[in-house]
Amino acid sequence: MGGGLKLNTIYLVGFMGCGKTSVGKYLSKQLEVPPYDVDSAIEKQRGQTIKEIFHYEGEEAFRNYESLAIRQLPLEHAVVMTGGGAVVREENLTYMKSKGTVIYLKTSFPVLWNRLMKEEERKKRPLLLTNTKEDIFQLYNERSKHYEKSDITILTDDLTAQEVCEQILIELQRFNS
Ligand SMILES: Nc1ncnc2c1ncn2[C@@H]1O[C@H](COP(=O)(O)OP(=O)(O)O)[C@@H](O)[C@H]1O
Ligand SMILES: O=C(O)C1=C[C@@H](OP(=O)(O)O)[C@@H](O)[C@H](O)C1
Ligand SMILES: [Mg+2]
């Protein structure tokens with residue numbers, strides 16, 4: 001582990017668009033620990049995009065693949081970038097907290113929505129293609145209670161992805177001291 005921090009595995013959680021995948025890449029470089037993006041792992045394992053899995057097999061099948069992928073981490077330590085719905089199954093959050101440190105990237109809905117409405121972001125997230133903005137806002141509010149159970153919460157609204165990464169390193173030092 002680089003950065004002088006003695007760490008276990010780090011799990012990034014939070015709603016779609018909060019920066020788990022982007023920040024995770026920075027963080028993995030800073031900590032000299034491999035990144036593990038759960039969505040990418042599922043797409044590789046299944047040979048299908050997330051969107052195709054939702055379409056042909058349904059969300060429940062995706063959630064089962066997601067729960068499996070979280071437990072199939074092929075590394076001793078990693079920065080794990082979960083998908084936004086991973087913590088909805090309580091057993092996933094319990095598992096991640098038992099294995100490492102769960103960090104919540106907390107972002108306001110308007111900020112998220114602006115990011116997610118960019119076509120290249122919207123088109124890869126099936127929930128955004130089949131739900132109204134009101135539905136997604138309701139999902140955001142419903143899920144907050146799960147995210148708030150994380151070990152560390154980072155407020156990301158006014159930070160760049162790199163600044164979020166810097167803030168995580170500061171909070172990790174505190175959490176591990
Ligand atoms: N802190 C940030 N500031 C500005 N844009 C961000 C930030 N974090 C992520 N983004 C942008 O938001 C979009 C979604 O980021 P991503 O890392 O895929 O989020 P997630 O994996 O949580 O869904 C991308 O276009 C990314 O560049
Ligand atoms: O919030 C969700 O239910 C989902 C979030 C997505 O990941 P990101 O949070 O990286 O967009 C992906 O796992 C899938 O589209 C479902
Ligand atoms: Mg992601």
Side-chain angles (χ1 to χ4, degrees), residues 1-42 50 63 66-67 69-116 118 121 124-125 127 136-137 139-177:
M1 289 274 192
L5 276 172
K6 192 181 170 331
L7 282 172
N8 46 26
T9 293
I10 301 213
Y11 296 91
L12 299 182
V13 304
F15 203 72
M16 288 180 273
C18 71
K20 301 178 296 294
T21 297
S22 312
V23 171
K25 288 173 187 164
Y26 281 126
L27 189 62
S28 69
K29 287 192 181 75
Q30 288 291 316
L31 294 176
E32 298 168 357
V33 170
Y36 179 76
D37 190 275
V38 174
D39 280 347
S40 305
I42 293 167
I50 303 290
R63 296 298 168 205
E66 183 175 57
S67 298
I70 288 168
R71 290 162 177 76
Q72 288 171 335
L73 181 62
L75 303 156
E76 174 62 20
H77 292 295
V79 173
V80 179
M81 297 93 101
T82 69
V87 297
V88 173
R89 287 187 178 182
E90 191 69 23
E91 64 271 21
N92 287 344
L93 185 59
T94 306
Y95 175 83
M96 292 189 283
K97 291 185 80 167
S98 75
K99 290 289 180 186
T101 307
V102 179
I103 301 178
Y104 170 27
L105 303 187
K106 186 170 185 175
T107 313
S108 67
F109 187 74
V111 170
L112 289 178
W113 192 252
N114 281 337
R115 293 177 190 168
L116 293 171
K118 292 195 186 84
E121 295 302 327
K124 60 186 171 183
R125 293 174 171 88
L127 291 173
I136 298 296
F137 183 55
L139 190 65
Y140 173 85
N141 289 321
E142 282 165 11
R143 287 189 179 171
S144 295
K145 62 178 178 289
H146 300 287
Y147 299 136
E148 295 291 349
K149 295 173 184 170
S150 300
D151 296 307
I152 296 173
T153 294
I154 306 285
L155 301 177
T156 77
D157 268 18
D158 305 316
L159 303 178
T160 65
Q162 277 178 287
E163 287 167 338
V164 172
C165 178
E166 286 155 17
Q167 198 54 36
I168 289 172
L169 292 171
I170 293 167
E171 292 303 322
L172 274 171
Q173 287 278 12
R174 276 201 199 118
F175 185 76
N176 289 298
S177 62

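With hydrogens and angles ignored, the 3.5 Å screen pairs no side-chain donor or acceptor of Gln167 with any backbone N or O of Val164. No donor-acceptor distance shorter than 3.5 angstrom exists from the side chain of Arg174 to the backbone of Ile170, with no hydrogens or angles considered. Within the 3.5 Å criterion, the main-chain N or O of Gly84 finds a donor-acceptor partner in the side chain of Tyr147. Under a 3.5 Å cut-off, the side chain of Lys20 and the backbone N or O of Gly14 do form a donor-acceptor pair. Panel note: side chain Asn92, backbone Val88; no donor-acceptor pair is recorded below 3.5 Å. In this structure, Thr156 contributes its side chain and Leu159 its backbone to no donor-acceptor pair below 3.5 Å. Judged purely by atom type and a 3.5 angstrom limit, Ser22 has no side-chain atom pairing as donor or acceptor with the backbone of Gly19.
The SG atom of Cys18 lies 12.0 Å from the NZ atom of Lys106; values are rounded to the nearest 0.5 Å. The OH atom of Tyr104 sits 4.5 Å away from the OG atom of Ser144 when rounded to the nearest 0.5 Å. Once rounded to the nearest 0.5 Å, the distance linking CG of Leu12 with CG of Leu27 reads 6.0 Å. A distance of 8.5 Å separates OG1 of Thr82 from CG of Asp37, quoted to the nearest 0.5 Å. From Ser150, atom OG reaches atom CE of Met96 across 7.5 Å, with rounding to the nearest 0.5 Å. Here the CG-OG1 distance, from Asn8 to Thr101, works out to 4.0 Å after rounding to the nearest 0.5 Å.
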Kindly indicate, with the supporting measurements, whether the criterion side-chain contact (heavy atoms from CB on, under 4.5 Å) is fulfilled by Glu171 and Ile154. CA-CA 8 Å; Glu171 292 303 322; Ile154 306 285; 3.5 Å; yes
Before you tell me yes or no, could you show the steps for Lys124 and Ile50 under side-chain contact (heavy atoms from CB on, under 4.5 Å), namely the whole-Å CA-CA distance, both residues' side-chain angles and the distance that decides it to 0.1 Å? CA-CA 7 Å; Lys124 60 186 171 183; Ile50 303 290; over 6 Å; no
- Message: Before you tell me yes or no, could you show the steps for Asp151 and Lys97 under side-chain contact (heavy atoms from CB on, under 4.5 Å), namely the whole-Å CA-CA distance, both residues' side-chain angles and the distance that decides it to 0.1 Å?
- Response: CA-CA 8 Å; Asp151 296 307; Lys97 291 185 80 167; 3.3 Å; yes
Residues Met81, Lys25; criterion side-chain contact (heavy atoms from CB on, under 4.5 Å); working and verdict: CA-CA 9 Å; Met81 297 93 101; Lys25 288 173 187 164; 4.1 Å; yes
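Side-chain contact between Glu66 and Val38 is present, with heavy atoms from C-beta onward closer than 4.5 Å. Within the 4.5 Å cutoff, no side-chain heavy atoms of Tyr11 are placed close to those of Ile103. Looking at Leu75 and Thr9, their side chains never come closer than 4.5 Å, going by heavy atoms from C-beta outward. Side-chain atoms of Phe15 and Leu105, non-hydrogen and from C-beta on, never get closer than 4.5 Å to each other. Residues Val102 and Ile152 fail the side-chain proximity criterion, which asks for heavy atoms closer than 4.5 Å. Val111 is not listed as a side-chain neighbour of Asp158, based on a closest heavy-atom distance of 4.5 Å or more. Between Ile70 and Val80 there is no side-chain heavy-atom pair separated by less than 4.5 Å.
Between Arg143 and Leu127, the closest heavy-atom pair is NH2-CD1, 4.1 Å. Across all their heavy atoms, Tyr26 and Ala161 have their closest contact at CE1-CB, 3.5 Å. Minimum interatomic distance between Tyr36 and Ala78 (heavy atoms only, all atoms of both residues): CB-CB, 4.3 Å.
Thr107 and Asp157 share no donor-acceptor pair across their side chains, judged by distance under 3.5 Å alone.
For Arg125, the side-chain hydrogen bond (donor to acceptor under 3.5 Å, both in side chains) test picks out Glu121, with sequence neighbours left out. Every residue two or more places apart in sequence or in another chain was checked for a side-chain hydrogen bond (donor to acceptor under 3.5 Å, both in side chains) with Glu76, and none qualifies. Lys149 is linked by a side-chain hydrogen bond (donor to acceptor under 3.5 Å, both in side chains) to Glu90, counting only residues two or more places apart in sequence or in another chain.
A salt bridge does not link Glu148 with Lys145: none of the charged nitrogens is closer than 4.0 Å to a carboxylate oxygen.
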